[in-house]
Amino acid sequence: MPTDDLPDFLADDNLPSKLDGVREEDDPILDGLTEPQKQAVLHTEGPLLILAAAGSGKTRVITRRIAQIIKQGTPPWNILALTFTNKAAGEMRERVTVQICGPQPPEQHTPDGEILKRPTDPQMRGLTVTTFHSLCARLLRRYAERANIEGLKPDYTIYDSSDQMAAMKKVLKAMSLQATNWPPRTVLSAISNAKNKLMDAKKYEANAFDYYSKQIAKIYLRYEAVLKQAGAIDFDDLLLYAVKMLETNSDIHNELASRWRHLMIDEYQDTNSVQFRLTSLLAAPPAPLPGMEHEPQSLNICAVGDPDQAIYGWRGADISNILDFENHFPGAKTILLGENFRSSAFILAAADSLIKKNNKRRDKPLFTSTTGGEPIAVIRVNNERHEGELVTDYFQRLHDDEGIQWKDMAVFYRTNALSRVIEDSMRSAGIPYKIARGTAFFDREEIKTTIAYLRVIANQADAISLLRVVNTPTRGIGKATLDVIQNAAIRANITLFEGLTRSKELGLSPRAVTSIDKFVTMINQWTGEGSFMGASVPSTLHELVERVITESGLEAHYKKQAKASGNETDEERLDNLSELITSARDFEREYDPANDPAAFTDPQAATTGDMGQVPELLAMLRAYLESIALVADADAVDTTSGSVTLMTLHASKGLEFPAVAMIALEEGTLPHSRANESQAELEEERRLAFVGITRAMKHLQITSANRRTIRGMTERTIPSRFLEEIGTEGIIVSDQTDVDFGAGERTGEYDDAFAPGHGSALRSSSNSFRKGSFAGFSPTSGPDSPKHKADLDKINRAREQRLANIVPRPTIACTHNTPTTPTSPKASSDATTTYPQGCIVRHPQFGEGTVMKTTAGSNARVIVEFKSVGRKTLVLEYARLKRVR
DNA sequence: TCGTTTCACTTTTTT
DNA sequence: AGTGAAACGA
């Protein structure tokens with residue numbers, strides 16, 4: 001196959017006959033592509049690096065390239081595409097299918113509304129498009145036992161961060177280390193970093209010379225032992241163990257590397273050392289196979305990424321993987337996709353201006369053939385609630401005036417905690433919204449517990465999950481009893497579950513023994529004593545889940561709670577549990593062992609459905625638990641649902657929206673204060689802002705708040721440096737903060753708290769478009785580039801109009817009590833803790849004082865006579881008052 | 001043993 | 001503010 005220039009490439013491949021002899025322009029695979037895009041699609045042999053700038057049609061190119069490879073006669077079965085999220089993988093699979101098989105029929109529904117599974121198109125059979133973690137999980141499930149990797153069995157449990165935390169606490173306790181000196185979180189992140197650099201516990205120990213690392217090494221070893229005993233591995237282990245397996249088992253390595261002749265990796269800038277190692281191993285068999293000529297340059301590895309969008313350095317991602325691609329893979333061709341097809345020229349100019357401020361960067365072109373666009377609005381506001389109102393006003397306006405649909409709008413923020421206030425605004429404005437938090441559902445207490453039951457069923461050695469469920473709901477197996485059994489189990493070197501089955505030997509109270517027996521019998525019934533056979537064993541996955549929920553007593557427990565307290569959350573819990581049953585039912589429908597890379601290694605086996613001797617229920621349960629363990633926040637993005645999407649900047653990568661609001665562009669938040677230790681970290685924050693801006697297609701609003709309450713503390717903020725760095729072209733800056741009274745910062749004093757909750761008409765007119773309003777940041781007055789003259793004129797007209805509309809702002813006296821619209825019923829009810837006159841309260845800053853007077857209603861105020869500073873008027877919602885007497 | 005209260009501490013991002 | 005763990009009382 002020729003590679004670079006392909007005037008006649010169509011002649012020698014096996015196109016469907018109707019396309020024979022057509023001109024290149026009519027080829028659906030090359031249709032509408034630019035020259036560099038075509039090159040990328042057609043370069044199917046040998047290493048290829050595609051440096052794809054934001055919005056340069058990257059996904060399109062990958063999809064077409066896969067289609068092209070298949071069209072050239074490579075069976076889909078020989079292709080592996082790796083992504084970082086399930087959603088990205090799913091979309092890619094879908095788009096390749098459409099490209100090759102044409103538009104897919106819509107989902108079919110049965111009369112009772114159930115969705116019928118759409119069968120995998122036979123042409124797509126065996127195409128592997130998945131995430132790094134899923135791939136490894138499946139490979140380990142399939143091969144680890146045979147490869148003898150750390151005694152890992154196919155029933156292993158994947159520990160999420162809370163399980164890791166529980167395991168680590170156990171370790172630290174066993175080593176009698178103080179949690180204050182050895183915070184579990186810190187230790188875990190040290191271990192995670194090590195794992196991401198391919199350092200297992202032994203290697204780490206060998207390289208530990210100072211006291212601290214030696215200690216970490218000891219903890220690391222113990223932690224690994226605890227996981228091993230539980231038959232569990234953590235996220236990082238998934239990759240690490242898979243690499244170990246390939247390194248130590250050349251037959252498996254050969255098998256896989258020769259299966260996947262074409263490798264594509266998306267978001268390559270975010271790969272870490274382990275991922276790099278893994279892809280290198282998969283790209284090349286250890287030795288040429290008989291009958292298979294193998295030269296270095298025949299490695300069909302294609303990496304796609306953008307160094308400017310590297311935002312996972314903190315997770316061990318190594319940007320040099322992409323920068324050194326040409327060195328790692330000799331003979332690699334590099335193709336630059338620099339033309340942006342997504343954003344308006346103004347948005348692109350801002351993004352480009354920002355990213356140019358990074359020093360450690362290979363400058364690369366980022367350009368568009370369009371000009372102008374809607375101006376970017378950069379607005380300084382009073383506080384987070386004011387910000388929320390501005391976001392909802394903005395979206396409402398776009399919706400009503402411009403006809404933009406809710407699903408085409410998104411709010412981005414640096415930290416998850418920032419979503420709350422936006423949610424409140426959305427709710428009170430009546431705008432439908434969804435938060436992209438894939439893990440949120442599975443983080444709920446009741447769901448976690450049920451999942452823990454399922455994990456114990458799949459893997460009885462899993463002590464962490466067992467401890468979670470053994471006395472939930474309470475069944476008389478208390479801490480003291482468990483301590484005895486745990487110690488006995490450790491001494492006898494048996495699992496905790498085995499310890500439970502032998503509780504009679506431990507001289508426990510008959511009462512405790514009875515409770516334990518009942519528990520063990522219950523588990524055994526579900527598993528058929530581990531055989532997954534017999535009359536008492538549920539026949540389907542959703543039936544198993546259903547029975548766990550009822551027979552464990554969880555359902556009864558929450559029902560009782562709901563009845564006793566009338567508590568809404570307990571009702572919710574019951575709903576969630578039935579949703580979990582639904583999710584299991586959905587999984588049953590979707591589950592296709594033949595499409596599971598772990599389930600077969602060649603097409604022959606696929607047809608025989610070779611899953612070993614594993615009973616179907618168990619196999620499905622394992623796959624279900626695995627899928628749950630590997631959901632990402634970004635997977636929950638659903639841009640078809642007719643709602644505005646709220647998400648972190650990290651989750652926004654790879655997406656695009658016609659309208660975007662970025663919030664909290666403040667020093668300490670973006671760039672985040674925790675990422676301020678080095679230049680590298682600051683540059684990563686800048687890339688994060690860059691990613692956010694480049695998601696926006698037409699409309700972009702960026703806000704920063706004068707004051708922000710974080711963890712109950714209201715503080716003044718400084719606008720983010722990034723606001724200056726985006727330049728001035730096509731940007732309207734406005735300051736919509738109220739007059740600052742200057743006094744009483746961070747105290748919840750009257751003047752601060754006054755601003756939120758008033759009609760937005762008043763505020764949006766106040767101080768608008770004050771020139772040079774903050775941080776040396778001058779508003780755009782226009783003209784420089786004649787290219788954008790028309791648009792800039794438009795901006796100026798808009799500004800003039802706004803200025804003309806400004807109504808003089810009424811002077812606000814401190815006693816003036818303007819009627820307010822409650823921001824949300826919830827917020828005001830939270831704040832109506834009443835303080836009777838004369839009671840003694842404590843303020844975090846002013847100390848103790850006596851309550852003189854209180855006013856009720858929303859924005860309730862209280863006048864307190866403080867010992868230290870005298871009489872103050874405080875807003876209850878803001879002032880963190882504590883009642884002393 | 002269980003349930004409530006209090007206190008201390010915190011998460012920046014996530015597979 | 002919200003969570004999780006320890007402490008306390010029943």
Side-chain angles (χ1 to χ4, degrees), chain A residues 82-89 130-137 158-162 164-166 169 173 179-180 183-186 189 192 195-196 234-240 267 270-272 274-275 310-317 384 412-418 420-421 436-439 443 445 471-482 509 511-512 515 561 564 626 629-636 647-653 664 668-677 681 684-685 687-689 691-692 709-714 827 830-831 844 877-878 880 882:
Chain A
L82 290 172
T83 63
F84 277 86
T85 67
N86 298 301
K87 181 164 184 278
T130 188
T131 66
F132 275 101
H133 287 84
S134 289
L135 176 76
C136 292
I158 301 169
Y159 274 1
D160 66 22
S161 42
S162 70
Q164 284 180 271
M165 191 71 92
K169 281 177 182 164
K173 204 176 163 191
T180 41
R185 226 195 147 73
T186 314
S189 91
S192 174
K195 286 181 176 177
N196 285 333
D234 62 29
F235 285 130
D236 301 316
D237 288 333
L238 283 171
L239 303 170
L240 193 61
E267 307 286 10
D270 288 329
T271 52
N272 61 28
V274 192
Q275 284 153 345
I311 54 175
Y312 285 101
W314 52 274
R315 213 166 68 187
E384 63 271 18
F412 301 156
Y413 36 81
R414 178 64 176 84
T415 67
N416 280 302
L418 294 166
R420 184 168 288 274
V421 189
R437 282 223 93 181
T439 52
D443 277 343
E445 175 198 304
N471 201 30
T472 317
T474 49
R475 48 172 76 89
I477 307 173
K479 196 172 168 295
T481 311
L482 280 172
S509 72
R511 213 189 140 114
S515 301
Q561 290 246 308
E626 178 192 299
L630 300 178
V631 283
D633 282 358
D635 297 338
M647 70 184 102
T648 62
L649 284 162
H650 283 89
S652 77
K653 196 176 63 168
T669 304
L670 182 65
H672 199 272
S673 51
R674 300 254 172 169
N676 245 339
E677 278 162 33
E681 283 179 319
E684 182 154 310
E685 294 290 303
R687 289 193 292 269
L688 200 47
V691 165
T709 308
I710 296 166
R711 283 209 292 267
M713 284 258 242
T714 305
D830 284 343
E877 210 173 327
Y878 272 42
R880 285 148 296 135
K882 251 193 185 158

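Any value given below was found using the heavy atoms of this structure, including those in side chains, with hydrogens, waters and symmetry copies removed. Throughout, protein chains are lettered first and strands after them, A, B, ... in sequence-line order, and every chain is numbered starting at 1.
- Taking the six-membered ring for Trp and thresholds of 30 and 60 degrees, F84(A) and F132(A) have ring planes inclined between 30 and 60 degrees apart.
- Defined by atom type and a distance below 3.5 Å, a donor-acceptor pair is present between the side-chain atoms of T709(A) and E384(A).
- By the 5.5 Å and 30° criteria, Y312(A) is not stacked with the base of dT14(B).
- Atom CG of N676(A) is separated from atom C1' of dT12(B) by 12 Å (rounded to the nearest Å).
- As a whole-Å value, the separation of H650(A) NE2 from dT15(B) C1' is 12 Å.
- For the 3.5 Å distance criterion, the side chains of T131(A) and S134(A) qualify, holding a donor opposite an acceptor.
- OP1 or OP2 of dT11(B) has at least one side-chain nitrogen or oxygen of R185(A) nearer than 4.0 Å.
- Spacing between dG4(C) and dT13(B) at atom P, rounded to whole Å, works out to 15 Å.
- Nearer the 5' end of DNA chain B, as judged by each residue's closest nucleotide, is the contact made by E681(A), out of E681(A) and L630(A).
- Closest to the side chain of T474(A), out of dG3(B), dT14(B), dT12(B), is dG3(B).
- Applying the 4.0 Å criterion to OP1 and OP2 of dT12(B), one finds that R711(A) has a side-chain N or O inside that range.
- Between the CD1 atom of I158(A) and the C1' atom of dT14(B) there is a distance of 15 Å, rounded to whole Å.
- Contact annotation: R420(A) reaches the phosphate of dG2(C) (side-chain N/O to OP1 or OP2, under 4.0 Å).
- Between T85(A) and dT15(B) there is no side-chain polar atom (N or O) within less than 4.0 angstrom of OP1 or OP2.
- Counting to the nearest Å, the P atom of dA1(C) and the CD1 atom of I710(A) are 14 Å from each other.
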Original post:
Which is it for W314(A) and E684(A) under the side chain to side chain contact (heavy atoms under 4.5 Å, CB included) test, yes or no, and what are the steps along the way?
Top reply: CA-CA 9 Å; W314(A) 52 274; E684(A) 182 154 310; 3.0 Å; yes
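- Side-chain atoms of Y312(A) never come within 3.5 Å of backbone atoms of T271(A) as a donor-acceptor pair (strictly under, hydrogens ignored).
- Mapped onto DNA chain B by nearest heavy atom, N471(A) and S161(A) fall at different nucleotides, with N471(A) at the one closer to the 5' end.
- Taking atom CG on L239(A) and atom P on dT14(B), their separation rounds to 18 Å, with Å as the unit.
- Residue contacts shown for A629(A) are absent, as no nucleic acid heavy atom lies under 4.0 Å away.
- Judged purely by atom type and a 3.5 angstrom limit, D635(A) uses its side chain to pair as donor or acceptor with the backbone of N86(A).
- When the C1' atom of dT13(B) is taken as reference, atom CZ of R437(A) falls 10 Å away, rounded to whole Å.
- Following rounding to the nearest Å, H133(A) (NE2) and dT15(B) (P) show an atom-to-atom distance of 9 Å.
- A close approach under 4.0 Å does not occur between any side-chain nitrogen or oxygen of N272(A) and OP1 or OP2 of dT15(B).
- Rounding to whole angstrom units, CD of residue E626(A) and C1' of dT15(B) are separated by 13 Å.
- Contact between the side-chain N/O atoms of N416(A) and the OP1/OP2 oxygens of dT14(B) is found at a separation under 4.0 Å.
- Checking the phosphate oxygens (OP1, OP2) of dT1(B), a side-chain nitrogen or oxygen of T481(A) falls inside 4.0 Å.
- Set against dT15(B), dA1(C), dT14(B), the side chain of A632(A) has dT15(B) as its closest nucleotide.
- For the OP1/OP2 pair of dA5(C) and a distance below 4.0 Å, the side-chain nitrogens and oxygens of K169(A) include at least one atom meeting the criterion.
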